Amino acid sequence: MFCPSYIQGTIVPNPNCDPVIDAQMIGGALQGFECDKDVLIDILTQRSNAQRIMIAQAYGNLNGTDLLGVLKDNLDGHFKEVITGLMYPPPSYDAHDLWHAMKGPGTDENCLIDILALRSSAEIFQIKEAYVLQYNNNLDQDIYSETSGHFRDSLMNLVQGVREEGYADPAMAAQDAMVLWEACQRRTGEHKNMLQMILCNKSHQQLWLVFQEFQNISGQDIAAAISECFDGYFQQLLLAIVSAVRDKPAYFAYRLYNAIHEFGFHNKTIIRILVSRSEIDLMNIRQKYKETYGKSLFHDIKHFASGHYGKALLAICAGDTQDY
């Protein structure tokens with residue numbers, strides 16, 4: 001299991017943050033015909049989420065209006081998505097992205113995977129609560145209505161938030177590995193259900209042991225077996241779970257690289273990952289990105305994104321001197 005010497009985001013609490021002064025500066029930046037986007041970037045990308053919430057409270061006390069609503073009204077485009085995304089508490093931001101992934105025509109299945117396969121049971125419960133509060137809808141019901149097949153079954157399992165946490169039973173690992181091996185061999189609906197029950201419910205510590213036993217039994221890596229035996233979003237979801245067990249920063253580095261290079265700069269994916277991982281492990285993701293793909297994440301964002309949108313992304317990403 002991936003165990004770095006440190007897990008670090010790129011945004012940390014700013015010791016010089018004064019919520020009232022920051023709120024006054026933001027208020028000034030939002031006045032006039034054109035808002036001062038540089039001020040918004042300089043303040044909001046250099047404060048932790050908890051500090052931004054205090055700034056929003058101070059802004060409301062000073063102006064009698066909701067800062068998030070004012071930002072939505074005054075900004076536009078992808079820059080608006082970045083700045084408003086920073087203002088949500090993490091569970092609310094995930095709920096926001098899940099809602100938008102499913103509303104309207106079409107569904108962004110990759111967004112569902114990025115969030116539900118990579119969050120803990122406690123985080124999923126918080127997301128579900130935020131989803132109800134923000135949209136007066138049930139997340140389970142929306143997922144059920146917007147997806148199908150074994151992909152839906154797996155998502156419905158994940159959204160229950162019943163994954164075991166921190167528990168490992170070496171005696172069960174070989175048995176679980178045998179179930180996975182049989183599922184890959186037979187590929188029936190029943191076997192797919194048994195496979196997803198293990199991957200969606202067992203603790204990451206247990207799955208680490210199961211994957212080792214799978215290698216011993218089959219002579220094949222679990223990710224290679226899943227890629228060979230299954231397809232579509234069901235396959236992608238299972239592989240995301242494997243990545244969550246083994247190396248989350250590597251998974252997000254892969255998703256960012258694909259979003260930048262394979263999909264013509266898929267803005268929503270890039271914004272979602274940078275904002276949601278900025279205080280968790282974005283520094284580790286940056287490191288994995290450079291190790292794996294040769295160029296720094298900062299370099300690639302700078303090459304593809306421009307204007308205040310690009311400046312906001314780069315401020316969140318941060319960078320070392322050699323990245324510029």
Side-chain angles (χ1 to χ4, degrees), residues 1-5 7 109-110 112-114 116-121 147-158 160 162-258 261-262 281 284-285 287-294:
M1 190 177 296
F2 176 68
C3 295
S5 57
I7 297 288
E109 289 87 355
N110 285 311
L112 304 184
I113 293 171
D114 282 350
L116 296 176
L118 278 293
R119 302 294 188 265
S120 68
S121 295
T147 58
S148 61
H150 293 289
F151 177 60
R152 175 172 67 187
D153 294 341
S154 301
L155 290 175
M156 292 298 293
N157 201 337
L158 288 170
Q160 302 312 309
V162 295
R163 184 185 295 282
E164 299 166 351
E165 302 284 351
Y167 175 78
D169 182 356
M172 277 293 296
Q175 183 177 329
D176 289 338
M178 184 61 73
V179 172
L180 296 186
W181 185 77
E182 288 184 5
C184 289
Q185 296 301 304
R186 300 189 185 184
R187 309 179 200 181
T188 67
E190 181 182 355
H191 283 89
K192 288 179 182 178
N193 282 335
M194 294 165 66
L195 178 147
Q196 64 96 356
M197 288 291 287
I198 290 173
L199 290 183
C200 295
N201 292 343
K202 300 286 185 176
S203 72
H204 284 183
Q205 291 82 354
Q206 178 71 10
L207 288 176
W208 179 259
L209 299 178
V210 171
F211 297 162
Q212 290 178 309
E213 289 293 338
F214 184 92
Q215 178 85 40
N216 296 336
I217 292 168
S218 67
Q220 190 177 23
D221 179 73
I222 183 64
I226 289 171
S227 296
E228 179 182 309
C229 298
F230 306 106
D231 58 16
Y233 291 115
F234 180 59
Q235 177 207 75
Q236 291 182 38
L237 176 59
L238 299 180
L239 290 174
I241 294 171
V242 173
S243 295
V245 172
R246 288 179 165 171
D247 193 338
K248 280 186 183 181
Y251 171 80
F252 286 116
Y254 163 78
R255 290 284 292 129
L256 283 167
Y257 185 84
N258 273 10
H261 294 279
E262 303 297 327
D281 55 2
N284 306 89
I285 293 167
Q287 180 183 347
K288 282 288 180 181
Y289 191 100
K290 192 165 188 177
E291 288 174 1
T292 306
Y293 305 111

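Note that the structure is a prediction, hence the values are computed from the model and not measured.
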Subject >> Smallest separation among heavy atoms of E213 and A177, with atom names >> reply: CB-CB, 3.6 Å
Original post:
When I226 is tested against each of I241, L239, D231 for side chain to side chain contact (heavy atoms under 4.5 Å, CB included), which residue passes?
Top reply: L239
Subject >> Atom pair CG/CD of N201 and Q160 - distance to nearest 0.5 Å >> reply: 9.5 Å
**OP:** Find out whether R163 and L158 are in side-chain contact, i.e. whether some heavy atom of one side chain is under 4.5 Å from a heavy atom of the other.
**Re:** yes
Original post:
Given F151, which of Y233, F234, F230 fulfils the ring pair (Phe, Tyr, Trp, His ring centres under 6.0 Å) condition?
Top reply: Y233
Subject >> Salt-bridge present (D114, R255; N to O < 4.0 Å) >> reply: yes
**OP:** For the residue pair N157 and Q196, establish whether any side-chain heavy-atom pair is separated by less than 4.5 Å.
**Re:** yes
Original post:
Should Y293 and K288 count as side-chain neighbours, where that means a heavy-atom distance under 4.5 Å?
Top reply: no
Original post:
Is a side-chain N or O of S203 found less than 3.5 angstrom from the main chain of G166, in a donor-acceptor match?
Top reply: no
Original post:
Is there a donor-acceptor pair under 3.5 Å between the side chain of Q235 and the backbone N or O of S227?
Top reply: yes
Original post:
Does Q236 use its side chain to pair, donor to acceptor, with the backbone of I113 at less than 3.5 Å?
Top reply: no
Original post:
Can you check whether R246 reaches I222 side chain to side chain, under 4.5 Å on heavy atoms?
Top reply: yes
Original post:
Heavy atoms, side chains only, cut-off 4.5 Å: are M194 and E182 in contact?
Top reply: no
**OP:** Report yes or no: do Y251 and D247 form a side-chain donor-acceptor pair below 3.5 Å?
**Re:** no
Original post:
Do H191 and R187 have side-chain heavy atoms sitting under 4.5 Å apart?
Top reply: no
Original post:
Does a side-chain heavy-atom distance below 4.5 Å link L207 with F211?
Top reply: yes
Original post:
Counting only heavy atoms not in E165, do more than 12 fall under 6.0 Å of its CD?
Top reply: yes
